[in-house]
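Please read the structure below before turning to the comments.
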2 protein chains.
Amino acid sequence: MLKISKKADYALMALQHIATVQSGDVTPGRVVNTKEIAEEYNIPLELLAKVLQTLAKNALIESHNGPKGGYLLARRAHQITIAQILESIEGPLGITDCSHEKDGEFCMQRENCHIRTPLLKVQDSIAQLLNNMTLQDMMGGTPLITILSPTAQGVER
Amino acid sequence: MLKISKKADYALMALQHIATVQSGDVTPGRVVNTKEIAEEYNIPLELLAKVLQTLAKNALIESHNGPKGGYLLARRAHQITIAQILESIEGPLGITDCSHEKDGEFCMQRENCHIRTPLLKVQDSIAQLLNNMTLQDMMGGTPLITILSPTAQGVER
DNA sequence: TAGTCTCCGATCAATAAGGTCGGAGTAAGA
DNA sequence: TCTTACTCCGACCTTATTGATCGGAGACTA
């Protein structure tokens with residue numbers, strides 16, 4: 001449950017790879033193409049292409065066409081949050097259907113629903129978690145614990 | 001994204017209702033049947049029945065057959081965590097496929113995957129959040145803010 | 001003991017995800 | 001300048017998961 005889709009998974013891998021290559025000391029600033037990523041991680045080529053396409057459309061990466069073309073990060077790694085990546089692929093995050101209802105469209109259970117408020121709180125917690133974590137934190141040996149606490153430390157009861 | 005299923009949604013509503021009725025001062029300890037819940041929240045009767053069935057099988061509620069029958073909480077409300085409820089319906093929680101791989105079965109990307117560890121950290125945070133929240137916290141005017149803080153503190157609008 | 005109300009398991013339909021195909025644009029190299 | 005080959009791009013099909021439904025078996029009350 002609460003599973004993220006494979007496409008989102010692929011997006012994270014690809015961006016992590018691009019970010020690493022780009023900041024690497026071997027060939028910094030190098031453009032990386034779809035095929036390279038697909039082969040490195042055993043991802044279906046055409047599916048990955050679609051994912052990168054979406055990321056480009058959402059201005060997370062820049063696409064360069066033609067021979068020697070490929071993708072490049074649109075912003076610095078520490079300016080791209082995990083939440084932004086996931087939302088680019090899967091749409092706005094919301095653990096329940098009634099999370100982002102427009103005015104006028106309510107779920108059938110709305111009037112008597114007592115769990116809406118608590119669930120929205122949970123959702124906010126998760127959102128904050130993902131918003132405070134950036135692509136930078138996924139690179140190298142960055143200690144994740146510094147990002148996730150105090151949330152991960154244990155919730156006071 | 002990260003959406004919980006409707007069945008899980010229904011499960012939460014139903015349990016919240018049963019818990020409230022059971023601890024209510026009108027008819028405390030009353031048995032509540034499927035039809036009553038379905039009508040109260042506009043949930044498809046047969047689908048809800050299936051959900052309650054699953055909850056009973058996982059020993060979260062007790063089923064009483066025959067006329068005047070229905071369901072009863074198997075434990076006290078504060079002893080039932082949200083995580084237990086969700087896992088009963090949707091299976092073990094895991095935001096990525098490789099969360100609970102048995103020995104020998106790995107995903108194709110495993111060997112070069114650099115995002116596994118960070119994602120597992122995120123997952124742990126969410127799990128802890130849901131494990132520290134009980135059915136009791138969803139009842140009445142219980143101030144959720146005491147449960148979710150400090151995480152939820154800044155998100156208040 | 002009869003009747004009715006309940007829970008229970010197997011089955012079908014709808015939706016969303018996963019994966020695939022051919023086309024258009026662009027820059028490098030001759 | 002022109003050709004060529006490599007890239008990204010958009011629409012389509014297939015598969016899997018979820019949502020919803022039906023009929024039957026068991027159990028308690030009167």
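Numbered from 1 within each chain, the chains take letters A, B, ... in sequence-line order.
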Take atom [atom1] of [X] and atom [atom2] of [N], then tell me their distance rounded to the nearest Å.
X: Leu52(A); N: dG10(D); atom1: CG; atom2: C1'; value: 15 Å
X: Glu62(B); N: dC8(C); atom1: CD; atom2: P; value: 12 Å
X: Lys3(B); N: dT17(D); atom1: NZ; atom2: P; value: 18 Å
X: Leu72(B); N: dT6(C); atom1: CG; atom2: P; value: 15 Å
X: Leu45(B); N: dG23(D); atom1: CG; atom2: C1'; value: 14 Å
X: Asp9(A); N: dG18(C); atom1: CG; atom2: C1'; value: 13 Å
X: Leu55(A); N: dG10(D); atom1: CG; atom2: P; value: 14 Å
X: Tyr71(A); N: dC6(D); atom1: OH; atom2: P; value: 17 Å

Worksheet item: Hey, are the side chains of Glu36(A) and His17(A) touching, using non-hydrogen atoms and a 4.5 Å cut-off?
Response: yes
With a 4.5 Å cut-off on side-chain heavy atoms, are Tyr10(B) and Leu52(B) touching?
no
Is there a side chain to side chain contact (heavy atoms under 4.5 Å, CB included) between Leu55(B) and Ile89(B)? Walk through the geometry before answering. CA-CA 7 Å; Leu55(B) 291 175; Ile89(B) 303 297; 3.9 Å; yes
Phosphate contact (dT7(D) OP1 or OP2) by Ser63(A) side-chain N/O below 4.0 Å:
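Result: no.
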Requested in this report: Report yes if a side-chain nitrogen or oxygen of Tyr10(B) is closer than 4.0 Å to either non-bridging phosphate oxygen (OP1 or OP2) of dA20(D); otherwise report no.
Outcome: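 So the side chain of Tyr10(B) is within the cut-off, an N or O lying under 4.0 Å from OP1 or OP2 of dA20(D).
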Expected string for nucleotides 24-29 of chain D under the B/S/- scheme (protein heavy atoms, under 4.0 Å, primed atoms plus P, OP1, OP2 as sugar-phosphate) is --BBB-
**OP:** Show your reasoning for whether side chain to side chain contact (heavy atoms under 4.5 Å, CB included) applies to Ile85(B) and Leu130(B).
**Re:** CA-CA 10 Å; Ile85(B) 300 171; Leu130(B) 297 177; over 6 Å; no
message: Assess the residue pair Ile95(B) and Val122(B) against the criterion (side chain to side chain contact (heavy atoms under 4.5 Å, CB included)); give the C-alpha distance rounded to whole Å, side-chain angles, the decisive distance to 0.1 Å, and a yes or no.
response: CA-CA 9 Å; Ile95(B) 61 174; Val122(B) 172; 4.2 Å; yes
Query raised in the report: Rest of the hydrophobic cluster containing Val31(B) (Ile/Leu/Val/Met/Phe/Trp/Tyr, side-chain heavy atoms under 4.5 Å)?
Result: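 Val31(B) clusters with Leu72(B).
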- Message: Can you confirm whether more than 12 heavy atoms, excluding those of Arg76(A), are under 6.0 Å from its CZ atom?
- Response: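 No, CZ of Arg76(A) has 12 or fewer neighbouring heavy atoms, counting only those of other groups under 6.0 Å.
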Regarding the side chain of Asn33(B), the nearest nucleotide among dC9(D), dT6(C), dG18(C) is dT6(C)
Give every pair of a protein N or O atom and an N or O atom of nucleotides 9-17 of chain C that lie under 3.5 Å apart, one pair per line with the distance.
| unit_1 | atom_1 | unit_2 | atom_2 | d |
| --- | --- | --- | --- | --- |
| dG9(C) | N7 | Gln53(B) | OE1 | 3.4 |

_Is there a continuous path of hydrophobic side-chain contacts, each under 4.5 Å between heavy atoms, that joins Met13(A) to Leu47(A)?_
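Yes, one cluster joins them.
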Could you go through Ile61(A) and Leu73(A), starting from their C-alpha distance and side-chain angles, then the distance that decides it, and tell me whether this counts as side chain to side chain contact (heavy atoms under 4.5 Å, CB included)?
CA-CA 4 Å; Ile61(A) 53 179; Leu73(A) 249 55; 4.3 Å; yes
